[in-house]
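Structure first, commentary second.
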Amino acid sequence: MIAVVVGGGTMGAGIAHLLLAGGHEVVLAESGADRVTAARDAVARSLAKAAERGKIDRSPESLLAALTVVDRLAAVPAELVIEAVPEDAALKHAVLAEAANACPDAILASNTSSLSITRLAAGLPAERVLGLHFFNPVPVQPLVELVRHPGVAPETVATARTWVEGLGKTVIEVNDAPGFATSRLGVAVGLEAIRLLAEGVASAEDIDTGMRLGYGWPMGPLRLTDLVGLDVRLAIAEHLAAELGDRFTPPDLLREKVARGELGRKTGQGFFTW
Ligand code: CAA
């Protein structure tokens with residue numbers, strides 16, 4: 001299969017890695033020469049890590065031969081498009097509209113973690129649109145949340161499920177709702193952990209250890225917020241607060257840290273120093 005991934009950040013590069021490792025040809029679209037180079041490097045680094053861990057049976061170099069990174073999406077006979085651009089509804093809608101023209105036979109998937117798939121599909125060939133929500137780090141996390149909206153064709157859902165399962169992931173199907181199932185629960189715990197910290201109930205380290213050792217989470221909710229990005233979490237929380245009410249209102253501490261540029265692992269400082 002030829003697949004297109006739009007956006008070469010953490011998620012897009014991870015999705016490209018996954019598709020290449022699954023034997024597919026991948027066109028990865030970014031904008032600007034620097035980002036094109038950075039996206040290719042990110043996929044190469046990720047494949048190299050997988051090879052070090054014995055998780056792929058072909059060399060990273062041979063897999064990378066099936067990757068084309070482009071500056072602008074032109075016509076491609078792709079069967080699947082996955083957009084993984086920043087969490088901005090207007091941007092995602094524009095990207096999907098462009099992909100609908102460039103790839104007229106493709107299923108159009110959004111990797112959004114909270115935005116309405118119904119609204120993203122409006123004005124597009126909605127029967128081909130659905131949500132495929134991957135988790136960070138994409139090559140490692142075994143889940144994909146498949147999001148249905150009222151206008152999606154059953155065959156789109158069935159085909160997308162088959163492809164995703166072919167990549168070794170487990171699929172859960174959810175109906176379109178703010179934050180779907182996983183972001184709603186994950187963000188709720190993450191925000192509560194930040195409130196506990198702000199109220200001085202326990203240290204960041206102890207809050208995280210509590211959820212790791214008490215609940216079996218692989219990492220605590222604050223370190224996970226650092227990994228995902230405080231800016232990303234803030235954007236999702238603001239969206240969920242607008243859709244679902246005050247229980248998702250972001251704590252001041254989260255806003256303050258984002259304003260200071262403490263975005264988590266990617267800037268070296270979040271709730272922890274990296
Ligand atoms: N291919 C590529 N990279 C791999 C890999 C593979 N097959 N296996 C591991 N790696 C990477 C890891 O990502 C990690 O990368 P960094 O060096 O950049 O940190 C590194 O190799 C070390 O991996 P290990 O498995 O040795 O490390 P670990 O045991 O500490 O596990 C972890 C790291 C997988 C991230 C684990 O802590 C974990 O599962 N954490 C929870 C992650 C989680 O909850 N993710 C969901 C986030 S929410 C989300 O994504 C949704 C959203 O919408 C925002």
Side-chain angles (χ1 to χ4, degrees), residues 7 9-22 41-60 63-64 67 82-88 92 109-117 131-147 167-170 172 174 177-191 193 208-209 211-213 215-240 248 250 254 258 263-268 270-274:
T10 305
M11 298 304 287
I15 293 167
H17 163 155
L18 185 71
L19 287 160
L20 292 167
D41 289 351
V43 178
R45 264 198 316 276
S46 184
L47 286 171
K49 260 190 209 164
E52 266 169 34
R53 286 172 169 70
K55 300 290 182 193
I56 46 177
D57 41 20
R58 289 177 51 197
S59 72
L63 294 174
L64 279 171
L67 174 70
I82 304 176
E83 73 71 23
V85 299
E87 203 71 358
D88 170 327
K92 284 185 182 287
S110 172
N111 178 54
T112 178
S113 42
S114 66
L115 298 173
S116 164
I117 301 296
L132 289 181
H133 179 205
F134 290 81
F135 295 82
N136 181 13
V138 176
V140 180
Q141 298 302 108
L143 182 72
V144 172
E145 192 173 32
L146 185 159
V147 186
L167 297 169
K169 301 295 187 194
T170 297
I172 58 167
V174 306
F180 318 130
T182 57
S183 298
R184 195 147 142 193
L185 287 169
V187 171
V189 176
L191 295 180
D208 269 16
T209 301
M211 293 311 280
R212 267 193 316 106
L213 302 187
Y215 277 65
W217 286 34
M219 58 171 53
L222 295 171
R223 202 167 254 106
L224 181 57
T225 303
D226 274 6
L227 175 72
V228 169
L230 275 67
D231 52 338
V232 174
R233 272 280 157 103
L234 176 60
I236 298 173
E238 280 173 336
H239 173 68
L240 292 181
F248 284 100
L254 179 59
V258 171
L263 306 184
R265 188 169 107 149
K266 61 190 167 191
T267 60
F271 293 102
F272 298 92
T273 302
W274 290 77

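As the structure is a computational prediction, the values presented were derived from the model and not from experiment. We count ligands from 1, going down the list as the structure has it; atoms in each ligand are counted the same way. The figures that follow rest on heavy atoms only: side chains count, while hydrogens, waters and symmetry mates do not.
In this structure, the protein non-hydrogen atom closest to atom 54 (C) of ligand 1 is Val228 CG1, 3.6 Å. In terms of protein heavy atoms, atom 19 (O) of ligand 1 is closest to Arg265 NH1, 2.7 Å. The closest protein non-hydrogen atom to atom 9 (C) of ligand 1 is Arg53 NE, 3.4 Å. The nearest protein atom to atom 46 (C) of ligand 1, hydrogens excluded, is given as Asn136 O, 3.5 Å; this is a heavy-atom distance. Residue, atom and distance of the protein heavy atom nearest to atom 3 (N) of ligand 1 are Lys49 CB, 3.7 Å. Counting protein heavy atoms only, atom 39 (O) of ligand 1 is closest to Gln141 OE1, 3.1 Å. The single protein non-hydrogen atom nearest to atom 36 (C) of ligand 1 is Pro218 CB, 4.2 Å, given as residue, atom name and distance. For atom 52 (C) of ligand 1, the closest non-hydrogen atom on the protein side is His133 NE2, 3.6 Å.
Contacts of Pro137 with ligand 1, taken as heavy-atom pairs under 4.0 Å, involve the side chain alone. Counting heavy atoms under 4.0 Å from ligand 1, residue Leu224 touches it through the side chain alone. Under 4.0 angstrom from ligand 1, there are no non-hydrogen atoms of Glu87.
Under the 4.0 angstrom criterion, atom 32 (C) of ligand 1 counts as lacking any protein heavy-atom contact. For atom 17 (O) of ligand 1, a protein non-hydrogen atom is found at a distance below 4.0 Å. Protein heavy atoms are absent from the 4.0 Å sphere centred on atom 28 (P) of ligand 1. Taking a distance limit of 4.0 Å, we find that atom 44 (O) of ligand 1 is approached by some protein heavy atom.
Near Ser113, meaning under 4.0 Å from one of its heavy atoms, ligand 1 places the atoms 52 (C), 53 (O). Applying the 4.0 Å criterion to heavy atoms of Phe135 picks out, from ligand 1, the atoms 49 (C), 50 (O), 51 (C).
At least one heavy atom of Ser46 sits less than 4.0 Å from an atom of ligand 1.
Distance alone, capped at 3.5 Å, places no donor-acceptor pair between the His17 side chain and the Pro139 backbone.
For Lys55, no nitrogen or oxygen atom sits less than 3.5 Å from a nitrogen or oxygen atom of ligand 1, counting backbone and side chain alike. The shortest N or O to N or O distance between Arg233 and ligand 1 is not under 3.5 Å. Considering backbone and side-chain atoms together, His17 places no N or O closer than 3.5 Å to any N or O of ligand 1.
With rounding to the nearest 0.5 angstrom, the CG atom of Asn111 is 10.5 Å from the CD atom of Glu145.
Scanning both residues, Glu83 and Val85, for their nearest heavy atoms gives OE1-N, 3.0 Å.
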